[in-house]
Amino acid sequence: MNISGLSFNALPPIDLPFRFFICAPLFMIACAFIIFFFGEPLWLSRWHPGMLALTHGFTLGFLTLVMMGALLQLLPVIGGIGIARPRLVATVSHSLYVFGVIALISSFLTANPWLTQSALVLLSLAFIFYLSAVVWVLVKKMSQGDSINAFRLAIAAFIAALVLGVMLLASRGGLTYSFGFVDKHFTDIHAMLGLVGWASLLIIGVSFQVLPMFHVAPNMPQYIRKFLPMSLGLLLLGFAFYGSDFMALIFIAHAIYALSLLYVINQRKRKVPDTSIKYWQLAAISLLVLNVLYFLPDSFYTVSDKPFSLLLPDKTMLLTAIFIYFNLLSVIQAMLLKILPFLSYTHLQQRCLTDFSAMQHIPHMHEFLNKQHGLILYCLHILSGLTLVAVIIKPSLYLALSLLVFVEFTWLLMLMVRCMHLYFSVNQKINLSNNS
């Protein structure tokens with residue numbers, strides 16, 4: 001493990017990111033029930049209320065929740081400066097956010113304007129509280145590394161996506177008159193800023209640091225680190241103002257990143273079997289597959305007047321599903337498999353600085369998260385992802401998807417609980433050792 005240039009002096013208490021992480025799989029389990037109860041009609045359109053609830057359950061309930069927790073740790077480690085008053089920020093923002101996402105998903109399912117308005121208020125307050133603390137760190141004089149610069153762009157895109165989301169929610173909840181420009185393209189901009197600007201850019205920035213750190217891999221090529229995040233930011237601006245003409249370039253930019261990612265992984269010094277690496281490879285391959293699917297002629301895709309066509313299904317839904325499940329969720333799970341044991345071990349190690357004899361209580365890092373258990377999670381992830389694609393083609397398979405999503409994220413939840421339980425158990429032993 002390469003930790004040169006990193007700082008562990010400003011780490012927030014470990015229970016703060018833990019509370020974000022532990023709630024994330026619960027939302028995915030809820031998504032499994034949405035798939036089960038809505039059945040085949042859920043897959044008829046991406047504008048179906050159940051599909052809107054499902055999409056936001058994936059993106060806000062899982063992806064964003066994990067990334068919010070991860071940023072609490074990544075900023076002080078990579079940049080050397082932690083957020084001010086982390087316990088207050090984490091407690092307030094986490095509580096508001098979780099209830100806000102629950103209200104938002106419920107509002108899609110019930111069309112209740114009070115739930116929509118509640119979601120608007122709760123999520124707005126949560127993000128104001130959280131992002132104010134994060135932005136305060138990012139604008140300070142801190143490490144100007146490539147990861148930090150990518151984080152800044154990701155946060156900027158996230159704020160823009162949130163503003164658009166708030167406007168959409170306000171119109172939907174009857175708090176304002178509908179804006180004249182709130183149309184399909186307006187919604188597409190919101191989605192692109194959230195998926196590409198926030199999630200993908202943040203993951204790209206994380207990869208610059210995580211791959212050399214955990215996998216003894218070489219740094220990403222300099223042209224990728226210097227120019228890819230900014231290029232994606234500019235392409236998103238082009239998409240916002242000029243529409244789909246820039247979509248092809250966004251896909252190509254991700255393909256360039258995917259090829260660089262595969263090259264760096266192949267050049268790593270420590271080529272031992274590692275489930276986290278498998279996830280990164282899966283994410284990279286999915287980006288290349290997305291390019292193939294995107295550049296296929298539209299004639300290959302099913303049109304509404306041919307419901308029994310043997311061609312590919314709705315193009316937008318297929319591409320979005322693959323991007324979220326095989327790319328974004330894959331990387332998030334890869335990060336969790338590394339971050340959970342690493343944080344647990346590092347925090348316990350920090351506890352022993354005043355009493356080195358207490359080091360005897362700290363287990364090996366792999367004991368926090370068993371390798372075989374991680375491999376099972378990876379296999380479940382591939383099965384559920386392939387089933388998701390199958391359901392988009394043949395919606396009658398929805399029961400299999402519901403079951404697999406439930407099993408996958410219940411398993412992830414169990415791995416998290418096991419890791420956290422071991423941490424607190426060892427931490428208690430260290431407390432007793434220090435007090436004796």
Side-chain angles (χ1 to χ4, degrees), residues 45-47 51-52 55-56 58-60 63-64 67 127 131 149-169 171 178-207 223-261 283-284 286-298 300-301 314-329 331:
S45 168
R46 64 186 178 118
W47 305 109
M51 181 57 68
L52 292 173
T55 302
H56 286 83
F58 279 31
T59 54
L60 291 182
L63 291 170
T64 299
M67 291 190 290
F127 284 127
L131 289 174
N149 290 331
F151 291 173
R152 290 189 176 109
L153 287 171
I155 291 296
F158 190 33
I159 292 172
L162 290 174
V163 170
L164 298 184
V166 166
M167 294 170 71
L168 288 167
L169 267 183
S171 296
S178 294
F179 298 98
F181 53 91
V182 177
D183 55 12
K184 180 178 178 293
H185 181 58
F186 184 88
T187 308
D188 289 343
I189 296 171
H190 167 69
M192 287 294 291
L193 285 171
L195 293 176
V196 176
W198 160 236
S200 190
L201 262 177
L202 189 68
I203 283 171
I204 288 171
V206 168
S207 72
Y223 66 89
I224 293 290
R225 290 183 283 119
K226 294 294 183 185
F227 301 114
L228 180 64
M230 182 59 69
S231 297
L232 274 175
L234 293 174
L235 289 173
L236 283 171
L237 280 177
F239 176 82
F241 288 103
Y242 299 103
S244 58
D245 294 342
F246 282 81
M247 185 69 80
L249 293 175
I250 291 174
F251 274 91
I252 292 171
H254 277 86
I256 294 171
Y257 169 72
L259 291 172
S260 301
L261 181 58
S286 72
L287 291 177
L288 298 178
V289 170
L290 282 170
N291 272 264
V292 174
L293 293 174
Y294 178 79
F295 287 105
L296 282 176
D298 289 343
F300 278 75
Y301 290 87
D314 179 82
K315 184 175 184 179
T316 300
M317 187 180 292
L318 178 65
L319 296 180
T320 303
I322 293 174
F323 184 74
I324 291 176
Y325 216 91
F326 280 109
N327 178 43
L328 300 182
L329 262 67
V331 173

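Since this is a predicted model, take the numbers as computed values, not measurements.
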Engineer: Considering all heavy atoms of both residues, which atom of G205 and which atom of A150 are nearest to each other, and what is their separation?
Structural biologist: CA-CB, 3.6 Å

Engineer: At their closest point, which heavy atom of A161 faces which heavy atom of G194, and how far apart are they?
Structural biologist: CB-N, 3.9 Å

Engineer: Under the side chain to side chain contact (heavy atoms under 4.5 Å, CB included) criterion, do S286 and Y325 qualify, and how do the steps go?
Structural biologist: CA-CA 9 Å; S286 72; Y325 216 91; over 6 Å; no

Engineer: Out of V166, L164, L162, L195, which one pairs with H190 under the side-chain contact (heavy atoms from CB on, under 4.5 Å) rule?
Structural biologist: L164

Engineer: Could you tell me if the side chain of F151 sits less than 4.5 Å from the side chain of L201, heavy atoms only?
Structural biologist: no

Engineer: Between I256 and L228, is the side chain to side chain contact (heavy atoms under 4.5 Å, CB included) condition met? List the steps.
Structural biologist: CA-CA 9 Å; I256 294 171; L228 180 64; 5.6 Å; no

Engineer: How many angstroms lie between atom CE of M192 and atom CG of L235, to the nearest 0.5 angstrom?
Structural biologist: 9.0 Å

Engineer: With side chains defined as the heavy atoms from C-beta onward, is the minimum distance between W198 and L63 less than 4.5 Å?
Structural biologist: no

Engineer: Report yes if some heavy atom in the side chain of I322 is under 4.5 Å from a heavy atom in the side chain of N327; otherwise report no.
Structural biologist: no

Engineer: Less than 4.5 Å apart, any side-chain heavy atom of V331 and any of V206?
Structural biologist: no

Engineer: Please test F246 against F241 for ring pair (Phe, Tyr, Trp, His ring centres under 6.0 Å), starting from the C-alpha separation and ending with a verdict.
Structural biologist: CA-CA 10 Å; F246 282 81; F241 288 103; 9.9 Å; no

Engineer: Tell me, do Y301 and D314 make a side-chain contact under 4.5 Å, heavy atoms counted?
Structural biologist: no

Engineer: Do the non-hydrogen side-chain atoms of L296 and K315 ever get within less than 4.5 Å of each other?
Structural biologist: no

Engineer: Using the ring-ring contact (aromatic ring centres under 6.0 Å, His included) rule, pick out the option among F239, Y257, Y294 that qualifies with F251.
Structural biologist: Y294

Engineer: Under the criterion side-chain contact (heavy atoms from CB on, under 4.5 Å), which of T320, L319, L318 is the partner of T316?
Structural biologist: T320

Engineer: Among residues at least two apart in sequence or on other chains, which ones pass side-chain contact (heavy atoms from CB on, under 4.5 Å) with L288?
Structural biologist: A255, A258, L259, L262

Engineer: Which atom pair, heavy atoms only, marks the closest approach of S200 to H254?
Structural biologist: OG-NE2, 2.7 Å

Engineer: How are the rings of F127 and F158 set to each other: parallel, tilted or perpendicular (split at 30° and 60°)?
Structural biologist: perpendicular

Engineer: For S231, what residues pass the side-chain contact (heavy atoms from CB on, under 4.5 Å) criterion, not counting sequence neighbours?
Structural biologist: F227

Engineer: Between CG of L237 and CG of L232, what distance do you get to the nearest 0.5 Å?
Structural biologist: 11.5 Å

Engineer: What do the steps show when you test M230 against N149 for side chain to side chain contact (heavy atoms under 4.5 Å, CB included), and what is the final call?
Structural biologist: CA-CA 9 Å; M230 182 59 69; N149 290 331; over 6 Å; no

Engineer: What I'd like to find out is whether the side chain of T55 reaches to under 4.5 Å of the side chain of R46, using heavy atoms alone.
Structural biologist: no

